[in-house]
Amino acid sequence: MKNRVIKSIVASSLLFSVVSPVLADTTEDLINALIVKGVLTKQEGNLLSKKAEAENNNSGKVKFKKGGGFSIESGDGESNMKVAGRIQLDYRNFDSPQGTSANSKAADGFDIRRAYLGVAGTFNKNYGYKFTGSFGSSTKLDEGYLEFKHIKKAKLRMGQFKMPMSLEERTSSRFLNFTERSYVNNSSLTAGKEVGIMLHGTPAKGVNYAFAIANGYGQNVDMPDDRADGLEFIGHIDTDLATRNKWKNKVVHLGASYSHQSDMAFSSSGSYQIKQQSLGKGQEFFKTALSATPTDMKRSRYGLEFAFAEGNKKFQTEYANASYDTNLSGSQDISAFYVDVGIMLTGESYSKSYKSKSAGGKFDRIKPNMNFNANTLRGGAWEVMAGTSKFDASDITSTSAGLKLASSTGNTNEATSYRIGLKFIPDPNTRILLSYVDTDFEGENKSIVKSGATISDERAINLRMQYDF
């Protein structure tokens with residue numbers, strides 16, 4: 001009897017070492033069957049079950065999540081890797097004349113707006129990482145960073161990542177109110193993805209802070225030269241009063257950001273430029289040059305953000321201002337704001353999509369009350385949005401000292417856009433968006449000139465199909 005038990009244990013141990021990571025339930029059924037048939041006693045079966053469980057816990061696990069994607073996790077749970085990706089396929093139609101060279105991206109047609117694939121996760125419990133590549137019109141690193149998470153309220157991140165400015169910028173492109181961001185989100189006003197380092201955390205429930213130091217010149221851009229060595233310093237704080245006060249089914253988000261950068265780069269020809277495009281990748285209407293070569297250039301930026309949501313209704317707004325200071329003219333300001341309102345027609349709650357932790361609170365994935373069923377044509381979430389956005393650079397004219405319009409006729413310094421959108425969310429990972437944008441070019445010239453055509457306004461339709469995992 002003793003020899004039979006020993007042989008059973010040895011044979012089972014060899015079996016468990018091979019199949020336990022994927023066949024734990026089958027192994028347990030096998031042990032129960034051996035007990036029923038009298039091959040093993042109940043005590044012997046329990047011994048084998050414990051051994052199987054121990055072997056399984058020490059093995060890695062592959063987990064598939066609903067909606068696509070998978071993750072790999074170590075047996076002790078302290079290391080993992082998640083594979084994630086997204087694709088956004090667009091069709092755009094514009095009613096204004098289109099350019100043929102530098103402005104060719106505004107032409108009617110189809111576009112792969114974004115195609116990302118990457119990995120993210122944790123190793124040894126206290127270290128995080130993320131590496132994502134962009135494979136749209138060009139291949140480049142989108143984000144890549146390492147994070148030290150030993151102190152939960154003071155995490156340290158280094159690499160290329162989103163800077164902690166603007167609620168709309170922190171919100172993933174997967175979950176925007178419309179197909180494109182507003183005028184608040186452009187390189188002249190808001191820091192986007194930069195190379196740098198950031199300390200951030202959630203010191204109290206519903207409160208987030210972040211402090212970052214970055215190069216200040218955008219994604220995948222190093223410091224341009226040794227004469228312009230002023231790093232950009234960025235600070236952010238936000239709170240959700242609903243989270244702090246346990247107000248159910250609500251979001252009351254307040255936030256503020258500030259950044260400063262000295263010794264900014266400008267070329268020897270004095271042609272430092274700031275670019276801004278109208279919504280939906282439309283006509284470029286604002287571009288600057290320098291009236292002369294400055295001896296120094298500084299930039300200070302700040303932003304204010306507010307969002308209120310109750311049940312299936314949402315209100316969101318932001319204001320941003322950038323002050324460019326040169327020895328040629330002193331301070332020249334650029335500002336922008338947007339106001340968006342939305343309603344989930346099918347009753348989903350915005351508060352369930354709000355994330356109150358990270359480097360800043362933000363809105364995330366909407367989960368339909370019921371996924372779309374192609375057989376019954378029922379389910380899915382429907383949302384309507386409306387909003388307006390204003391860009392104002394009236395300090396920068398065709399004759400101003402310091403920064404000036406690059407062309408007195410080809411550009412203008414103000415624009416206002418009005419937009420409406422309809423969104424269908426069949427399931428949490430899929431979206432179909434339709435946006436209509438009406439832009440009026442205002443300010444000094446009240447129009448722009450592209451390829452010989454004078455354009456005073458632009459109307460655009462953007463249709464997007466999106467999937468992410």
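Nothing here was measured: the structure is a model prediction, and the numbers come from that model. Residues take their numbers from the sequence shown, with the count starting at 1.
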Stepwise salt bridge (charged side-chain N to carboxylate O under 4.0 Å, His left out) check, Lys390 with Glu442: CA-CA 10 Å; Lys390 168 76 174 179; Glu442 304 162 331; 2.7 Å; yes
Any side-chain to backbone donor/acceptor pair from Tyr324 onto Ile334? Under 3.5 Å, distance only. no
Considering non-hydrogen atoms only, spot the tightest contact between Arg464 and Ser173 and give its length. NH1-O, 4.5 Å
Test side chain to side chain donor-acceptor pair (under 3.5 Å) applied to Gln88 and Asp468, step by step: CA-CA 9 Å; Gln88 296 175 337; Asp468 79 282; over 6 Å; no
Please check this pair: side chain of Glu458 against backbone of Val437, looking for a donor-acceptor N/O pair closer than 3.5 Å. no
Within a reach of under 6.0 Å around NZ of Lys152, are more than 12 heavy atoms found that belong to other residues, nucleotides or ligands? yes
d(Lys313 NZ, Phe308 CZ) to nearest 0.5 Å is 10.0 Å
Phe424 side, atom CZ; Thr430 side, atom OG1 - distance, nearest 0.5 Å: 9.5 Å
Mind checking whether Asn429 and Arg365 have side chains closer than 4.5 Å, heavy atoms only? yes
Given 3.5 Å as the limit, does a donor-acceptor pair link the side chain of Thr346 with the main chain of Trp382, or not? yes
Using 0.5 Å steps for rounding, measure from the NZ atom of Lys404 to the OG1 atom of Thr397. 9.5 Å
Is a side-chain donor-acceptor pair under 3.5 Å present for Thr439 with Ser417? yes
Check: Leu141 main-chain N/O paired with Asn220 side-chain donor or acceptor under 3.5 Å: yes
Which atoms form the tightest heavy-atom contact between Tyr258 and Ser300, and what is the distance? OH-OG, 3.6 Å
List the steps, then state whether side-chain contact (heavy atoms from CB on, under 4.5 Å) holds for Lys246 with Lys205. CA-CA 10 Å; Lys246 298 181 180 180; Lys205 188 176 182 179; 4.1 Å; yes
Verify the distance criterion only: is there a donor paired with an acceptor across the side chains of Asn185 and Glu169 at less than 3.5 Å? yes
For the residue pair Tyr217 and Glu232, confirm or rule out a side-chain donor-acceptor distance under 3.5 Å. no
Salt bridge (charged side-chain N to carboxylate O under 4.0 Å, His left out) between Glu168 and Arg181, intermediate numbers included: CA-CA 7 Å; Glu168 192 180 44; Arg181 293 182 170 91; 5.5 Å; no
Once the angle between the rings of Phe285 and Phe441 is folded into 0 to 90°, is it parallel (under 30°), tilted (30 to 60°) or perpendicular (over 60°)? tilted
CG of Leu403 to OG1 of Thr288, rounded to nearest 0.5 Å, is 5.0 Å
For a 4.5 angstrom cut-off between non-hydrogen side-chain atoms, does Leu377 reach Phe372? yes
Donor on one side chain, acceptor on other, Asn249 and Ser349, under 3.5 Å: yes
Closest heavy-atom pair, Pro164 versus Ala212, reported as atoms and distance to 0.1 Å, is CD-CB, 4.0 Å
Mind checking the OG-CZ spacing from Ser262 to Phe233? Nearest 0.5 Å is all I need. 7.5 Å
Is a side-chain N or O of Glu414 found less than 3.5 angstrom from the main chain of Ser394, in a donor-acceptor match? no
Between Ser456 and Ser447 the two heavy atoms that sit nearest each other are CA-CB, 4.0 Å
Neighbour count above 12 (heavy atom, 6.0 Å) for Leu422 CG: yes
Can you find a heavy atom in the side chain of Leu345 that is under 4.5 Å from one in the side chain of Val384? yes
Would Thr293 and Leu328 count as a side-chain contact (heavy atoms from CB on, under 4.5 Å) if you check the C-alpha gap in whole Å, the side-chain angles of each, and the deciding distance to 0.1 Å? CA-CA 8 Å; Thr293 303; Leu328 302 173; over 6 Å; no
Between Leu434 and Ile461, what is the shortest heavy-atom contact and its length? CD1-CG2, 3.8 Å
Is there side-chain contact between Ile197 and Leu156, with at least one heavy-atom pair below 4.5 Å? yes
As a quick check of understanding, evaluate side-chain contact (heavy atoms from CB on, under 4.5 Å) for Asp108 and Phe94, giving each step before the final call. CA-CA 6 Å; Asp108 299 343; Phe94 300 87; 3.6 Å; yes
Pair Leu89, Ile112 - check side-chain contact (heavy atoms from CB on, under 4.5 Å), show working. CA-CA 5 Å; Leu89 307 174; Ile112 299 178; 4.1 Å; yes
Once the angle between the rings of Phe469 and Tyr467 is folded into 0 to 90°, is it parallel (under 30°), tilted (30 to 60°) or perpendicular (over 60°)? tilted
Residue list, side-chain contact (heavy atoms from CB on, under 4.5 Å) with Leu304, at least two apart or on another chain: Ala256
Could you tell me whether a side-chain N or O of Glu348 sits under 3.5 Å from a main-chain N or O of Lys367, the two making a donor and an acceptor? no
Taken in chain and number order and not counting sequence neighbours, the residues that satisfy salt bridge (Lys or Arg N to Asp or Glu O under 4.0 Å) with Glu318 are none
Say whether, by atom type as modelled, one donor and one acceptor occur between the side chain of Arg113 and the main chain of Thr179 under 3.5 angstrom. no
Going by the side-chain contact (heavy atoms from CB on, under 4.5 Å) test, name the single residue among Leu405, Thr412, Ile448 that passes it with Phe286. Leu405
Heavy-atom count around Met465 CE within 6.0 Å, excluding the residue itself: above 12? no
Provide the closest heavy-atom pair for Tyr418 versus Asp440 in the form atom of the first, atom of the second, distance. CE1-OD2, 4.0 Å
For Phe135 together with Tyr116, are the ring centres under 6.0 Å from each other? no
When you measure from the side chain of Ser172 to the backbone N and O of Phe175, does any donor-acceptor pair fall under 3.5 Å? no
I need the Met81 CE to Tyr129 OH distance, nearest 0.5 Å. 5.5 Å
If we ignore hydrogens and angles and just use 3.5 Å, is the side chain of Asn208 paired with the main-chain N or O of Ser356 as donor and acceptor? yes
Should Tyr127 and Phe148 be marked as a ring pair (Phe, Tyr, Trp, His ring centres under 6.0 Å) after you check the CA-CA gap, both sets of side-chain angles, and the distance that decides it? CA-CA 5 Å; Tyr127 304 92; Phe148 298 88; 5.7 Å; yes
Side-chain donor or acceptor of Arg170 paired with backbone N/O of Lys162 under 3.5 Å: no
Does atom CD1 of Ile151 have more than 12 heavy-atom neighbours, drawn from other residues, nucleotides or ligands, at distances under 6.0 Å? no
Short N-O contact, Glu383 and Arg431, less than 4.0 angstrom: no
Does this structure show an ion pair linking Asp457 with Arg459, if we count only N-O contacts that are shorter than 4.0 Å? yes
Would the number of heavy atoms belonging to other residues, nucleotides or ligands and lying under 6.0 Å from NZ of Lys357 be above 12? no
Under-4.0 Å salt bridge between Glu180 and Arg419: no
Relative to Phe363, does Lys314 satisfy both conditions: NZ or CZ under 6.0 angstrom from the six-membered ring centre, and within 45 degrees of the ring's axis? yes
Do Asp325 and Ser331 have a side chain donor and acceptor closer than 3.5 Å? no
